[in-house]
Amino acid sequence: MSGITLYDFELDENCYKVRLLLSILGLSYRKVAVNMVPGREHLGPVLMALNPRGSLPILTDGAVVLSEAEAIMTYLARAYDAGNTWLPPAPKDHGAVTMWLQFAIRDLHAAFFARRLAMFDETGDEVALSLAARRAFRLMEDHMTAREFDRAAWFVGDNPSLADLALFPAIALSRDFGIEHEAYPALRRWMRRVRTIPGFVTMPGIPDYY
Amino acid sequence: METGWYPVALAEGLERGTSTGTRLFGRELVVWRDSAGASHVWEDRCPHRGMRLSFGFVRDNHIACLYHGWQYDTAAQCRYIPAHPDLAVPGTIRVATYPSIERLGIVWAWNELDSAAPQEIELAERAAVTPVRSLYVDASAAKVFDALVLAECPPLKNAGGATQRSRTDALVSFKNGTDEILVAVQPLSDVEAALHIVIAGSPDIHGSDSQKRVSAWGEALRRDVEGTPQARELRHEVAP
Ligand code: FES
């Protein structure tokens, strides 16, 4: 048993990103279930001490304490991906993966909020969030369409990378907030490929068939 | 809404054993391809409780509803009800279907449910087509056609002279020299349309390079149609 602990909320897509990578890397870890909604346990003193931002996921590994899914994924890839494929070292691919991780944080943030609005009764501008989420999905669709012209299957390079794992949840869960997959044929094909990655796991809202 | 043949998907993009939901004039359709390679276009509604079949999945030669697992064969006939595994399913339980056909690398549907006698599709098949992409636009089909009939054909392999356009109810052809691009327009709703774009000619000639050029052309057309503000040219201040 490794010393990894994940503070996790089952229905949260950012926690799911980390669970997905941990499973794919074949790492055993201790999972601490946090009742984020409706319990708001992530804002209690214990977790606030670990992560003053008051967000999940949080990962600890020995003395290492990290929050934010993309940062945790980067850490896990560097620390435990022996094949070095999930965060490719070649400058060009490394830069591109980092760009898409940034996209997952910034451009897809609207999708994250749109889902919280729909699932957890939070407040926000539903129309604006949906528009922004669709704009982000369209950029992903255009990118994967272009990739297919080059017979490429993944967002970056010849292998699946952290980019694919970080981008997958928002679109795979988009029906939770009323965005169908009709307009994204290239992303539909890509999502089917993601499901074939050894170690792939689902979460509530993401069926294992597609 | 006129009765006729309308495009609903690019044939190549619809992989075996998969399904997708789409719309024609606001009505929900499920488009799927069975494991033998045949494509089907049905009403996206399970006869059991009306759930969308496109949320379900394809296994072998049937499509299964996500909700209670009723399974339908390629003739849209219900064959299996998990809650009653020994029941001989009555022949009356079937999904309503649209006549459909593949032509020019595109799946077409006749937009009349369970029509006994759709007209012949008038589009002549080509020796080879290169699929480009389906492009979903936030604008009506009429607005898309208005833009298409003014569009120029991007140069591919053998351009020459002016673009010649011709159109039928659902298809626009752009010819330039021996290059030809075909754009089929699917009216999704009053305010959304899909463009299914192919290049006439073999993928050996038009793979990758031409596909990228036509795809970028389509994206520019989408920007125009949706009325996104034109990107202003970057102006570099040059010190005197
Ligand atoms: S609604 Fe389809 S099986 Fe019940």
Side-chain angles (χ1 to χ4, degrees), chain A residues 107 110 118 126-155 158 171-196 200 202-210, chain B residues 8-24 28-31 44 52 54-59 63-64 66 130-138 186 188-189 192-197 199 203 206-216 218-220 222-223 226 228:
Chain A
D107 299 65
E126 195 182 332
V127 176
L129 287 173
S130 177
L131 261 176
R134 291 180 62 210
R135 193 179 312 130
F137 293 152
R138 181 185 272 187
L139 288 167
M140 289 164 60
E141 169 71 16
D142 288 349
H143 176 74
M144 279 316 295
T145 300
R147 295 284 290 158
E148 287 185 339
F149 296 145
D150 287 331
R151 309 225 163 276
W154 307 102
F155 265 78
D158 297 331
I171 180 75
L173 291 164
S174 72
R175 282 172 178 161
D176 283 351
F177 49 97
I179 298 182
E180 295 295 327
H181 294 160
E182 177 184 32
Y184 313 110
L187 293 182
R188 289 200 302 267
R189 291 186 288 273
W190 165 75
M191 282 191 278
R192 276 194 289 277
R193 292 193 283 274
V194 171
R195 282 174 162 81
T196 66
F200 175 82
T202 60
M203 69 168 270
I206 301 182
D208 55 3
Y209 60 84
Y210 193 69
Chain B
V8 293
L10 275 189
E12 195 198 55
L14 185 65
E15 296 170 318
R16 281 178 192 223
T18 69
S19 66
T20 179
T22 188
R23 289 164 296 157
L24 256 186
E28 289 167 346
L29 280 56
V30 56
V31 183
D44 196 6
R52 294 188 65 177
S54 58
F55 288 3
F57 50 92
V58 181
R59 284 289 176 276
I63 191 164
L66 179 60
T130 304
V132 178
R133 70 181 297 186
S134 298
L135 201 58
Y136 294 76
V137 184
D138 287 334
Q186 173 184 5
L188 297 167
S189 70
E192 300 151 287
L195 280 63
H196 304 281
I197 309 173
I199 303 168
H206 290 291
S208 199
D209 233 27
S210 301
Q211 285 175 314
K212 284 182 193 168
R213 204 168 302 165
V214 173
S215 179
E219 287 172 21
R222 179 178 65 189
R223 275 196 294 279
E226 291 183 348
T228 318

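To find a chain, count down the sequence lines: A is the first, B the second, and so on, and within it residues start at 1.
- Ion pairing between B/Arg52 and A/Glu182 fails under the 4.0 Å rule for side-chain N and carboxylate O.
- Residue contact with chain B, scored on non-hydrogen atoms closer than 4.5 Å, involves the side chain of A/Arg134 exclusively.
- The only option from A/Arg188, A/His181, A/Glu180 that meets the side-chain contact (heavy atoms from CB on, under 4.5 Å) definition with B/Thr20 turns out to be A/Arg188.
- Between B/Glu15 and A/Arg192, at least one side-chain nitrogen of the basic residue sits less than 4.0 Å from a carboxylate oxygen of the acidic one, meeting the salt-bridge criterion.
- One finds the OG atom of B/Ser215 at 10.5 Å from the CD atom of A/Glu148 (value rounded to the nearest 0.5 Å).
- Only the side chain of B/Glu219 comes within contact range of chain A, with heavy atoms under 4.5 Å apart.
- One distance of note links CZ of A/Phe149 with OG of B/Ser210; it measures 10.5 Å at 0.5 Å rounding.
- Both the backbone and the side chain of B/Val132 come within less than 4.5 Å of a heavy atom in chain A.
- The shortest side-chain heavy-atom distance between A/Asp150 and B/Gln211 does not fall under the 4.5 Å cut-off.
- Although no hydrogens or angles enter the test, the distance criterion places no donor-acceptor pair under 3.5 Å between the side chain of B/Arg133 and the main chain of A/Thr145.
- Heavy atoms only, all atoms of each residue included: A/Pro185 and B/Tyr136 are closest at CD-CE1, 3.8 Å.
- With chain B as partner, the option from A/Glu141, A/Arg138, A/Arg151 having the largest number of non-hydrogen pairs under 4.5 angstrom is A/Arg138.
- The neighbour count for B/Glu28 CD, taken as heavy atoms of other residues, nucleotides or ligands under 6.0 Å away, is above 12.
- For chain A, no part of B/Leu10 is nearby; none of its heavy atoms comes within less than 4.5 Å.
- The candidate with the highest count of non-hydrogen atom pairs below 4.5 Å against chain A, out of B/Leu14, B/Val58, B/Leu135, B/Leu66, is B/Leu66.
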